[in-house]
Amino acid sequence: AIRALAPPGPAVATTTGGLLQLPRALATAIEAAGAEIRTGRRVTRLRRLADGWEAEVDEGTSVRAPRLVLATPARAALDLLGGILTGTDLSLPAGSTITHVTLVVRAPALDGAPRGAGLLVAPGDPVVRAKALTHASAKWPWLAATVRPGEHVLRLSYGRPGAPAEEIGVDDALADARLLLGAEIEEVLDARVVRREGALAPATPEHRASVAELVGRTATLPGLTVTGTWVAGTGLASVVPHAHAVAGRLTR
Ligand SMILES: Cc1cc2nc3c(=O)[nH]c(=O)nc-3n(C[C@H](O)[C@H](O)[C@H](O)COP(=O)(O)OP(=O)(O)OC[C@H]3O[C@@H](n4cnc5c(N)ncnc54)[C@H](O)[C@@H]3O)c2cc1C
């Protein structure tokens with residue numbers, strides 16, 4: 001009866017095809033405006049010039065520009081700014097690793113979405129290592145439309161704040177999914193494991209204070225601004241307007 005009061009479906013919105021559509025659209029707009037995007041490169045060093053900034057990329061090439069928007073996560077920003085900012089007393093932890101395992105399964109027993117759109121797992125469970133399970137094809141109608149009858153898309157999430165990184169594979173996720181869903185999963189048709197290092201920054205007052213101190217010190221650097229979730233707050237509704245605002249100020 002309680003289940004019937006909470007039918008499967010999202011409490012939030014997404015784009016048809018998933019949020020991946022957003023960076024794709026952004027890349028298309030950036031290239032249409034004449035800019036070049038280089039992916040799979042790491043900025044290893046920043047240098048202040050008399051009239052701007054130089055970013056050393058992968059120890060070899062470098063890029064010069066009059067203005068620089070630094071949008072890496074906090075720890076990488078601190079590493080890059082370490083030799084430029086005054087004082088060396090700041091430190092930021094790298095954050096915990098999270099892993100997502102997406103499973104496409106044949107499991108007609110899931111047709112009725114026995115756990116709705118998904119569930120959270122309380123910390124300390126002696127058997128289940130996942131912290132959350134999303135029955136993605138029950139949550140998103142556009143995704144349900146991409147699988148055949150009796151097939152489902154599941155996503156299991158691993159990694160809690162402050163916890164050491166774990167090696168998680170498809171078999172681990174499948175075992176957790178079977179337990180959490182309490183239903184037979186006949187076959188895994190496809191699977192993808194994605195690990196995000198340092199994705200979970202601590203949410204402590206000390207961390208917020210270190211971030212505020214770092215952001216304050218960057219304000220003294222002409223032609224440079226910092227943005228990203230560690231400055232703006234989590235979620236695209238925070239990140240996108242913040243990036244707009246600071247980039248706008250830089251170009252005025
Ligand atoms: C699984 C997951 C699901 C989420 N779902 C939602 C959602 O549904 N809705 C929502 O609003 N928010 C969601 N969020 C939160 C949202 O994704 C983040 O708040 C947002 O992506 C953060 O953007 P960012 O630009 O600050 O960081 P990121 O997107 O992490 O971008 C930082 C980039 O910096 C790059 N980088 C790091 N170091 C260097 C270096 N030295 N040189 C060059 N590049 C470097 C990294 O490779 C990365 O691409 C989700 C987050 C996760 C992890």
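Values below: every heavy atom of this structure, side chains too, minus hydrogens, waters and symmetry copies. Read the numbers this way: they start at 1 and go in the same order the structure lists the ligands and their atoms.
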State whether Glu197 and Arg195 are salt-bridged, where the test is any N-O pair (Lys NZ or Arg NE/NH1/NH2 against Asp/Glu carboxylate O) under 4.0 Å.
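Here Glu197 pairs with Arg195 in a salt bridge, since their nearest N and O are under 4.0 Å apart.
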Ignoring hydrogens and geometry beyond distance, is a side-chain donor-acceptor pair present between Tyr158 and Asp176 at under 3.5 Å?
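Checked: Tyr158/Asp176 side chains pair up, N/O donor to acceptor below 3.5 Å.
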Any side-chain donor-acceptor pair under 3.5 Å between His100 and Arg192?
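There is no such pair (donor and acceptor under 3.5 Å, judged by atom type) between the side chains of His100 and Arg192.
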Please output the residues near ligand 1 using a strict heavy-atom distance under 4.0 Å, listed in chain and residue-number order.
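Near ligand 1, by chain and number: Leu19, Arg41, Arg42, Val43, Ala71, Thr72, Pro73, Ala76, Ile98, His100, Arg196, Gly228, Thr229, Thr234, Gly235, Leu236, Val239.
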Side chains of [X] and [Y] in contact at under 4.5 Å (non-hydrogen atoms):
X      : Y      : result
Val147 : His152 : no
Leu133 : Val121 : no
Thr44  : Val57  : no

